[in-house]
Amino acid sequence: MRVRQAVVMVGGMGTRLLPLTETRPKIVLPVADKPCLWYLLRSLAMGGIEEVILACGYKSEIMRRTIGDGSDLGIRIEYSYEDKPMGTGGAMKLVEDRLDETFVAANGDVFASIDVTGEIARHQETGAAVTIALTPVDNPCEFGIARTDDEGRILEFKEKPKPEEVFSNLINAGVYILQKDVVSEIPEDTFYDFSKDLVPKLMSEGRRIQGYEIDGIWMDVGRPRDLLRANLAIADAEYADRDWKAPGCALEGSIYMGPGASANGSRLTDAVILSHASVVSSRLDRVLVMDGCEVHGAELSNVILGTGCRVGKGARVSNAVLADGTVVKAGEVLDGDRSV
């Protein structure tokens, strides 16, 4: 049976991404001039999904204006609004009467450019109640981890284990295939987490929870350094062969320049310059320059500049995340002491 529908939970506030999320929900933060969520939506569209329900919370109107109706990807996007935070399971419960018998669900706060077709096929082959996308990471303590048998069935699942509790480096990547009947297990009008509450309940009942190790780019974009890393990953994956027009510039590492962006007489190493931003006579090393910024005669290292920032001549900025519209005066030295 063809799977045509997805629910994406996008209600989070993104507090670890402050100050960037003061003005926008984190899922619309830019990755190479596209909203972070766009790449997951593209993956769903390429997997045959036709309809996506976005379960919204924080700053949902900004999200709706930015994401739109999905026509650019050939899908239809509908919106569901929470009056109060309901958790990932609670968000699904709110749209239960709109769900197909089999559907995709995903956490919108991950950056994912993956092939979901194989996950759907594995779900149908195994007759699982839930199939969970899995991916290996170096530090699994921040995620839910899974132990599987030779057929990929999940035998043990634990959320955010302590170091001494880690039994696997395979973590929950936040992309699921579900049978609608499991949603009936979620209580009405209750904050309920899908992976913490529902998955253990289903496993205790003997329902089959299948694991599926995914290919492609996957990152948890929860912190500023993750947002920068996602931008650099897309620069590498999709723009590595681009001949950037940057007069007098030395370009090294991963580079992206958006529509209307310019760079002149500068040294750029692992730098992403979004639309209509300009960099002149500067040195940038691991830097994300958001749209409309101006950097002139400055040195930036491990920095994210929010929309419309201005950095003056002789300024030096390092280890910092600057809010939209920040002005760094000429000659100013700023070390934000923040991991980027």
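- Under the side chain to side chain contact (heavy atoms under 4.5 Å, CB included) test applied with L288, the options L232, D270, L274 reduce to a single match, L274.
- Checked by atom type, the side-chain pair D285/T269 shows no donor-acceptor distance below 3.5 Å.
- By the criterion of side-chain heavy atoms lying less than 4.5 angstrom apart, applied directly or through intervening Ile, Leu, Val, Met, Phe, Trp or Tyr residues, L198 is grouped together with V183 in one hydrophobic cluster.
- Note on I27 and Y81: same hydrophobic cluster, where clusters join Ile, Leu, Val, Met, Phe, Trp and Tyr whose side-chain heavy atoms are under 4.5 Å apart, directly or indirectly.
- Counting non-hydrogen atoms of neighbouring residues, nucleotides and ligands closer than 6.0 angstrom, the CG atom of D215 reaches no more than 12 such neighbours.
- A donor-acceptor pair under 3.5 Å is absent between the side-chain atoms of S80 and the main chain of A55, judged by distance alone.
- Put simply, CG on N172 and CG on N107 are 7.0 Å apart, with the number rounded to the nearest 0.5 Å.
- Between the W218 side chain and the A173 main chain, a donor and an acceptor come within less than 3.5 Å of each other.
- Remark: R4 engages E50 in a salt bridge, criterion side-chain N to carboxylate O under 4.0 Å.
- Looking at every heavy atom in both residues, G89 comes nearest to I186 through O-CD1, 3.4 Å.
- Panel note: side chain Y39, backbone I217; no donor-acceptor pair is recorded below 3.5 Å.
- To the nearest 0.5 Å, atom CZ of residue R24 and atom CG of residue D324 are 4.0 Å apart.
- Judged purely by atom type and a 3.5 angstrom limit, E294 has no side-chain atom pairing as donor or acceptor with the backbone of S278.
- Taking the charged nitrogens against the carboxylate oxygens, R283 and E299 have no contact shorter than 4.0 Å, which rules out a salt bridge.
- The environment of M46 atom CE is sparse: at most 12 non-hydrogen atoms of other residues, nucleotides or ligands sit within 6.0 angstrom.
- Residue K329 places its NZ atom among 12 or fewer non-hydrogen atoms of other residues, nucleotides or ligands, all under 6.0 Å distant.
- Cluster annotation: V280 is not connected to V317 through the hydrophobic network of ILVMFWY side chains, with a link wherever side-chain heavy atoms come within less than 4.5 Å.
- For T131 (side chain) and G211 (main-chain N/O), no donor-acceptor pair under 3.5 Å exists by modelled atom type.
- L228 and V28 fall within a single hydrophobic cluster, where Ile, Leu, Val, Met, Phe, Trp and Tyr are joined by side-chain heavy atoms under 4.5 Å apart, directly or via other members.
- Under the 30°/60° scheme for interplanar angles, the aromatic rings of F194 and Y176 are found to be tilted.
- Salt bridge E238/R42: present, at least one basic N to carboxylate O contact under 4.0 Å.
- Contact check on E78 versus R98 returns a salt bridge, with a Lys/Arg side-chain nitrogen under 4.0 Å from an Asp/Glu carboxylate oxygen.
- For the atom pair CG (L20) and CZ (R16), the distance works out to 13.5 Å, reported to the nearest 0.5 Å.
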Problem - Pair I132-V199, side-chain contact (heavy atoms from CB on, under 4.5 Å): steps then yes or no - result: CA-CA 10 Å; I132 301 177; V199 170; 4.2 Å; yes
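- The CG atom of D33 lies 4.0 Å from the OG atom of S275; values are rounded to the nearest 0.5 Å.
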Exercise for the section: Mind running side-chain contact (heavy atoms from CB on, under 4.5 Å) on F157 and I145 for me, showing each step along the way? Expected result: CA-CA 6 Å; F157 189 84; I145 61 173; over 6 Å; no
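- Between R207 and D181, at least one side-chain nitrogen of the basic residue sits less than 4.0 Å from a carboxylate oxygen of the acidic one, meeting the salt-bridge criterion.
- Here CG of L268 is found 11.5 Å from CH2 of W244. Values are rounded to the nearest 0.5 Å.
- Using a 4.0 Å cut-off between a side-chain N of Lys or Arg and a carboxylate O of Asp or Glu, E96 and K93 qualify as a salt bridge.
- Ionic pairing of E185 and K201 is present here: one or more N-O contacts between side-chain nitrogen and carboxylate oxygen are shorter than 4.0 angstrom.
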Practice task
Show your reasoning for whether side-chain contact (heavy atoms from CB on, under 4.5 Å) applies to L322 and C309.
Solution key: CA-CA 8 Å; L322 303 188; C309 290; 4.2 Å; yes
Exercise for the section: Decide yes or no on salt bridge (charged side-chain N to carboxylate O under 4.0 Å, His left out) for R122 and E151, but give the supporting numbers first. Expected result: CA-CA 10 Å; R122 181 65 55 82; E151 296 180 347; over 6 Å; no
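- Under the 4.0 Å criterion applied to side-chain N and carboxylate O atoms, R316 and E332 are not assigned as salt-bridge partners.
- Expressed to the nearest 0.5 Å, how far CE of M9 lies from CG of L54 amounts to 11.0 Å.
- In this structure, Y212 is a member of the same hydrophobic cluster as F143, with clusters built from ILVMFWY side-chain heavy atoms closer than 4.5 Å.
- When all heavy atoms of A298 and V311 are compared, the closest pair comes out as CB-CG1, 3.6 Å.
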